[in-house]
2 protein chains.
Amino acid sequence: MKRNSRLSVALHVLLHMAEQADKALTSEVLASWAATNPVVIRRTFAGLRDAGIVGSTKGHGGGWTLLKPLDAVTLADIQAALDEPLLALGKAEESPGCLVEQAVNAALDDAVAQARRLLDERLSKITLADLAAQIGPRRVVLAAAGCKDPHHES
Amino acid sequence: MKRNSRLSVALHVLLHMAEQADKALTSEVLASWAATNPVVIRRTFAGLRDAGIVGSTKGHGGGWTLLKPLDAVTLADIQAALDEPLLALGKAEESPGCLVEQAVNAALDDAVAQARRLLDERLSKITLADLAAQIGPRRVVLAAAGCKDPHHES
DNA sequence: TTTCATGTAATTATATATGTTACGTGATGG
DNA sequence: CCATCACGTAACATATATAATTACATGAAA
């Protein structure tokens, strides 16, 4: 992996959890789905837990469970829970003495804030249920062709 | 510096160039404005040159010149010329075998593409002339207070 | 009380962006 | 024509950010 992919990972794992509903699933199982490390899952999901999207229990038979129905969780909820940067635009200097740079920073701050609002607005209209609905067709097509779900053979 | 600040640097330098109009300015001068290295300027401005926003000449008296009037260059033009990532959202895997992850990637690609369009739309409505107009007032205010333009004392 | 699973700190690895050095190319002035 | 200047670029070094890993503590269940 290379870039900020926490949202991608979270969505992937959450949808798999939905298929195994109700069972508490360990970080290790979740990590195998995302081809990553259990600790990465715990870190990523810590925000989701704080946001009430998932719950975790310790000890025997413990693990992670989805606490909300799929249509009650939007991508914006998840994004917010993960507290990601989202936009890659940075500034050369945060508090410049130069008047020109001050004006540049102000203009960029403005545009970035607006872009963030617009993206958030878009993400808030997509629920996990919407994504799940897009998986169904793919699975059916492949199943008809006699394929198994090719999950992480690596 | 830390993050993707090429747009910030480019805007800062371009506006300073506008104040010294017509004279060819060396990478070294431009770099001193941005508190960076001449080579960084050359790299950053290579895209702007290809886009016809600035020109460069070699040899004695050579350097960089603005080729377009300030109101003919939008932030979207500059952004496009620099070819920056813009959005920080990445994917865990680019071409996953997993159907769930395929659906996640598709949805994210969609949302990101839309956000990019929206941000670009916003940036295309701001010209360098708009930014320059925002500098004037600040400078006047400070001059009245007896301050010099405090440029990069560090 | 042993085992299992999360919680979290600390460390290492890797990727990206930026800073720097070095050298090539073309243009200008003597 | 040749020394100088300035861009063009490759190669290398450094800094920061994200992810992967290790280690250990805490709490719950058998």
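FYI, side chains are in, hydrogens and waters are out, and symmetry mates aren't considered; it's all heavy atoms of this structure.
- Residues from residues 44-60 of chain B that place a heavy atom under 4.0 Å from any atom of DNA chain D, listed by number: B:R49, B:S56, B:T57, B:K58, B:G59, B:H60.
- Here B:L25 lies in heavy-atom contact (under 4.0 Å) with sugar-phosphate atoms only.
- Contact annotation for A:I41: no contact, since no heavy-atom pair falls under 4.0 Å across all strands.
- In this structure, B:D109 pairs ionically with B:K91, as a charged nitrogen and a carboxylate oxygen lie closer than 4.0 Å.
- For D:dA19, the OP1/OP2 oxygens have a side-chain nitrogen or oxygen of A:R6 closer than 4.0 Å.
- The other members of the hydrophobic cluster of A:L118, by chain and number, are B:L118 (side-chain heavy atoms under 4.5 Å, ILVMFWY only).
- Under a hydrophobic-cluster definition in which Ile, Leu, Val, Met, Phe, Trp and Tyr are linked whenever side-chain heavy atoms come within less than 4.5 Å, directly or via other members, A:V112 and B:V9 are assigned to the same cluster.
- Clustering ILVMFWY residues whenever any of their side-chain heavy atoms sit less than 4.5 angstrom apart, transitively, puts B:W33 in the very cluster that holds B:V54.
- A:E28 CD: 12 or fewer foreign heavy atoms inside a 6.0 Å radius.
- Side-chain N/O atoms of A:R42 include none lying less than 4.0 angstrom from OP1 or OP2 on C:dG7.
- Taking 4.0 angstrom as the limit, A:S27 places a side-chain polar atom (N or O) nearer than this to OP1 or OP2 of C:dT6.
- Along DNA chain C, the nucleotide nearest B:N37 and the nucleotide nearest B:G61 are compared for position; the residue whose nucleotide lies closer to the 5' end is B:N37.
- In this structure, A:E84 and A:V39 both approach DNA chain D, and ranking their closest nucleotides by distance from the 5' end singles out A:E84.
- Counting heavy atoms from C-beta outward, B:L131 and B:L75 have side chains that approach closer than 4.5 Å.
- Following rounding to the nearest Å, A:D83 (CG) and D:dA17 (P) show an atom-to-atom distance of 14 Å.
- Rounded to an integer number of Å, the gap from CZ of A:R43 to C1' of C:dA10 is 11 Å.
- Counting to the nearest Å, the C1' atom of C:dA17 and the CG atom of B:L82 are 14 Å from each other.
- Interatomic distance, A:E93 CD to B:S5 OG, rounded to the nearest 0.5 Å: 10.5 Å.
- An OP1 or OP2 oxygen of D:dA19 is reached within less than 4.0 angstrom by a side-chain nitrogen or oxygen of A:S5.
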